[in-house]
Amino acid sequence: MPNAAASKTAITPRRDEDFAEWYQQVIRAAELAEPSDVRGCMVIRPWGYGIWENMQRQLDAMFRATGHRNAYFPLFIPLSYFAKEAEHVEGFAKECAVVTHSRLEVDADGKMKPSSPLAEPLVVRPTSETIIGASYAKWVQSYRDLPILINQWANVVRWEMRPRLFLRTTEFLWQEGHTVHESEAEARAETLRMLDVYETFVRDHLAIPVFSGEKSESERFPGAVRTLSIEAMVQDRRAIQAGTSHFLGQNFSRTSGIQFQNREGKQEFGWTTSWGMSTRLVGTLVMAHGDDDGVVLPPRIAPTQIVILPITPKEETRAKVLEACDQLARKLRASCYVDLPIEVEVDRRDLGGGVKNWEWIKKGVPVRIEIGPRDLEKDSVTMSRRDQSVKAKEFMAMEEFVQRASDVLMSIQENLYERAKKFRDDNTRKIDNKKDFYDFFTPKNSAKPEIHGGFALADWSGSREIEEEIKNDLKVTVRCIPLGDCAQAGRCIFTGEPSSRRVIWAKAY
RNA sequence: CGGGCUGUGGCUCAGCUUGGUAGAGCGCUGCGUUCGGGACGCAGAGGCCGUGGGUUCAAAUCCCACCAGCCCGACCA
C-alpha cells in the first residue's frame with residue numbers, strides 16, 4: 001500500500017476537513033503549547049516559547065531602532081485608576097480579573113479561604129494605559145520632557161469566554177508601547193510609524209502579508225480616538241488582527257493628569273498613543289503557513305533553523321557519523337543568516353530515524369539534514385526543505401551545503417511569503433453588490449461549512465447599522481478601512497449611499 | 001451568562017441501559033529482531049472511574065448537588 005502511505009498526513013484531520021481541529025492538533029503535535037488546568041490559560045512549551053522569544057528579540061530591536069526604550073509597570077491596577085476613562089472601563093469591565101483579598105486562612109472545615117479584604121480592589125491589568133499614565137503624569141512637566149517613548153513586555157489577563165490556544169487565552173504575553181507627545185500631529189505620526197513597524201515585522205520576519213488600515217468606530221479600542229490595525233488572512237480565509245496601534249488623543253492624559261507647559265508657556269494635556277502585539281502571532285503563524293504535516297516555520301523566526309539527523313544504522317560507523325554531524329553544526333554556526341549565526345541542532349536522541357524525522361516535520365523546522373555512512377563516504381549530505389514535499393531530498397557536498405545554507409533559508413523565507421501572498425490575493429475580491437457579497441460569505445454546505453469567503457473589498461457608507469446587520473447575518477465585519485490616498489469614491493453596495501472608498505470585510509478570529 | 005454534550009491510566013475511548021474482581025488501542029519502560037526511517041515480537045509499569053453526599057449487603061454503573069471541559073450563541077487581541 002505505498003500510495004496510502006504516501007498520502008498519509010502527519011496531522012489528522014486535514015485542514016480542509018476541520019480547520020479548527022487541525023489547528024489544535026498541530027499545536028499539540030509540534031509541542032508549541034498545551035491547555036493547563038487553569039481555566040483558559042495555556043502552558044507555552046519550549047518550542048512555542050522559542051518562537052515567541054525570537055519575535056520578542058526581533059521586534060524589540062525594531063522598537064529600539066525607532067527610539068523606544070523598555071520599562072516595566074505594575075501588574076495590579078487600582079480600581080480607581082482603571083475607572084477614570086469611561087469608555088475604557090466599559091470596554092474592559094466584563095473581562096477583568098479582580099484581586100480583592102490579600103491572604104488565606106484555614107476555615108472550620110480545614111479549607112483555605114481568602115481573608116483580609118483590600119481597601120481598594122486591584123484589577124489585574126488587561127492593558128496598562130491607566131497605570132502607566134499615572135507614572136507619566138509625574139514624569140512630564142515641560143514640553144522638554146517629551147516625547148516619552150516606552151515599551152513594556154508583559155503578561156495581561158482578559159477573562160474571555162471562549163479561549164483557544166494562542167488566539168485567545170485568559171492570560172497572554174504581549175508588548176505594549178505607550179508614548180506621550182507634545183502635539184497631536186506628532187502622536188498621530190507615531191501611531192502610523194508603529195503600524196508600519198508591525199507591518200514590516202510581520203511581512204519580513206513572519207512572511208505574512210497584511211492589509212493595514214483604520215478600524216471602524218465599532219471596533220475601536222475603548223477610549224481611543226483612532227485605532228489602526230494590520231489584518232492577516234489565514235488558511236481558512238478568515239482574518240486575524242495581527243497588531244494594533246492607537247491614537248488616544250488627550251483622552252487618557254486628561255484622566256491621568258499628564259500635563260505639561262508647552263512652548264507657548266501654557267498648560268496642555270499630552271497626546272498619547274499605545275500599540276501592541278501578542279502571542280496571538282504564534283497562532284497566526286501556525287494558521288498562515290502550516291500544512292497537513294504540521295507547523296511550517298519561516299526561517300527568521302524558527303528556534304532551530306537547521307536540524308541535523310545522524311543516520312546510524314551500523315554500530316561501527318556511529319561515532320564517525322556523529323562526529324561529522326558535530327563538525328557540520330560547528331561550521332554552520334560559524335556562518336550567518338540575516339546577520340545572526342545560524343541556529344543548528346544535532347538530534348542525537350536514541351530514537352528511530354523515521355520518528356525523529358517526523359517530529360521535526362511536525363515542528364516545522366525549515367531545513368533537515370541527514371548524514372549517514374553513505375554520505376560520509378562521499379562527504380555529502382541529504383537535505384530536505386520544509387516548504388517542499390516531505391519526501392523531496394536534495395544531495396550535495398557537505399562544503400557546498402555550508403556555502404548555500406544561508407541562501408536556502410532565504411529562499412524558504414521568500415517562498416513562504418510568496419505562497420501566503422498568493423493565497424491572500426487569490427481569496428481577496430472586489431465585490432460590487434449585496435447579492436455577490438452574501439454569496440461570497442455563505443457556505444454551500446450549511447450543515448458542515450466548507451472553507452469559504454475571504455477578504456471582500458466593497459464600498460460602504462460608514463453606517464453603523466449596516467455594519468451591525470452584516471455582522472448578524474453573516475458574522476462578517478469591517479476588518480479595516482485602508483489608509484492612503486488611492487481611494488476611489490463609489491457607492492455603498494448595501495445602501496447606495498456615497499462611499500469614499502472600498503473597505504475590507506471578512507470573518508474574523 | 002443562556003442552550004446542548006462530556007468527565008474512566010499520559011492520550012483517544014469502551015464498560016453504565018440490566019449495580020457484583022477496572023478494560024482496549026496508542027503512548028511509556030525493558031529485552032530481542034529490524035532500521036537511510038514514523039517497523040515488529042515478547043514481557044512489564046501505570047487508575048481513590050471529576051468532587052461531595054445519598055440509595056444498597058455491594059456503586060464507574062442508580063439518585064441529588066457541585067466542579068471542570070467541549071460545542072453553539074452574546075464578548076474579545
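The sequence lines fix the lettering, A, B, ..., with proteins before strands; numbering per chain opens at 1. In what follows, every heavy atom counts, from backbone to side chain, and hydrogens, waters and symmetry copies are set aside.
Salt bridge absent: A/E359 and A/K356 never bring a charged side-chain N and a carboxylate O closer than 4.0 Å. The existence of a salt bridge linking A/K471 and A/E219 is excluded, since no basic side-chain nitrogen approaches an acidic carboxylate oxygen closer than 4.0 Å. Using a cut-off of 4.0 Å between Lys/Arg side-chain N and Asp/Glu carboxylate O, A/R374 and A/E377 are scored as not salt-bridged. The pair A/R15-A/E21 fails the salt-bridge criterion, with no side-chain N (NZ, NE, NH1 or NH2) lying under 4.0 Å from an Asp/Glu carboxylate O.
Between B/rA39 and B/rC62, the distance separating the two P atoms is 40 Å to the nearest Å. Distance check on atom C1': B/rU8 versus B/rG69 gives 15 Å, rounded to whole Å. For B/rG27 and B/rG41, the P atoms lie 11 Å apart once the distance is rounded to whole Å. Taking the C1' atoms as reference points, B/rC76 lies 49 Å from B/rU18, given to the whole Å. For the P atoms, the distance from B/rA22 to B/rG47 is 14 Å, rounded to whole Å. With both ends at atom C1', the span from B/rC5 to B/rC13 equals 16 Å, rounded to whole Å. B/rU61 and B/rG54 are spaced 15 Å apart, taking the C1' atom of each and rounding to whole Å. On the P atoms, B/rA65 is 16 Å away from B/rG2, given to the nearest whole Å.
For A/L351 and A/D293, each mapped to the nucleotide of RNA chain B holding its nearest heavy atom, the one lying further toward the 5' end belongs to A/L351. Residues A/P373 and A/R479 both approach RNA chain B. Their nearest nucleotides, taken by heavy-atom distance, put A/P373 toward the 5′ side.
If you check every strand for non-hydrogen atoms under 4.0 Å, A/T169 touches a base. As judged by a 4.0 angstrom heavy-atom cut-off over every strand, A/K314 is placed among residues making no nucleic acid contact. Within 4.0 Å (heavy atoms only), A/L167 reaches at least one base atom of the nucleic acid. Residue A/T382 is classed as a base contact, given a heavy-atom separation below 4.0 Å to a base. Residue A/G352 is out of contact with every strand shown, counting any heavy-atom pair closer than 4.0 Å. Across all strands, A/Y509 comes closer than 4.0 Å to no nucleic acid atom at all (heavy-atom distances). A/P35 comes within 4.0 angstrom of nothing in the nucleic acid, heavy atoms only. Counting any heavy atom pair closer than 4.0 Å across all strands shown, A/K362 reaches a base atom.
When each of B/rG36, B/rC11, B/rC76 is scored by its nearest atom to the side-chain atoms of A/K393, the top-ranked nucleotide is B/rG36. Checked against B/rU12, B/rC76, B/rG38, the side chain of A/E95 finds its nearest nucleotide in B/rC76.
Side-chain N/O atoms of A/K471 include none lying less than 4.0 angstrom from OP1 or OP2 on B/rA74.
Identified under the side chain to side chain donor-acceptor pair (under 3.5 Å) test for residues 82-91 of chain A, with sequence neighbours left out: none.
In this structure, B/rA39 and B/rU33 make a Watson-Crick or G-U wobble pair, each of the two defining distances being under 3.5 angstrom. Nucleotide B/rG73: paired with B/rC1 (Watson-Crick or G-U wobble, both distances less than 3.5 Å).
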Considering only distance and modelled atom types, tabulate donor-acceptor pairs under 3.5 Å from the side chains of residues 48-58 of chain A, sequence neighbours left out.
unit_1, atom_1, unit_2, atom_2, d
A/N54, OD1, A/R57, NH1, 3.3
A/N54, OD1, A/R57, NH2, 3.3
A/N54, ND2, A/I301, O, 3.0
A/N54, ND2, A/A302, O, 3.4
A/Q58, OE1, A/H205, ND1, 2.6
A/Q58, NE2, A/R300, O, 2.8

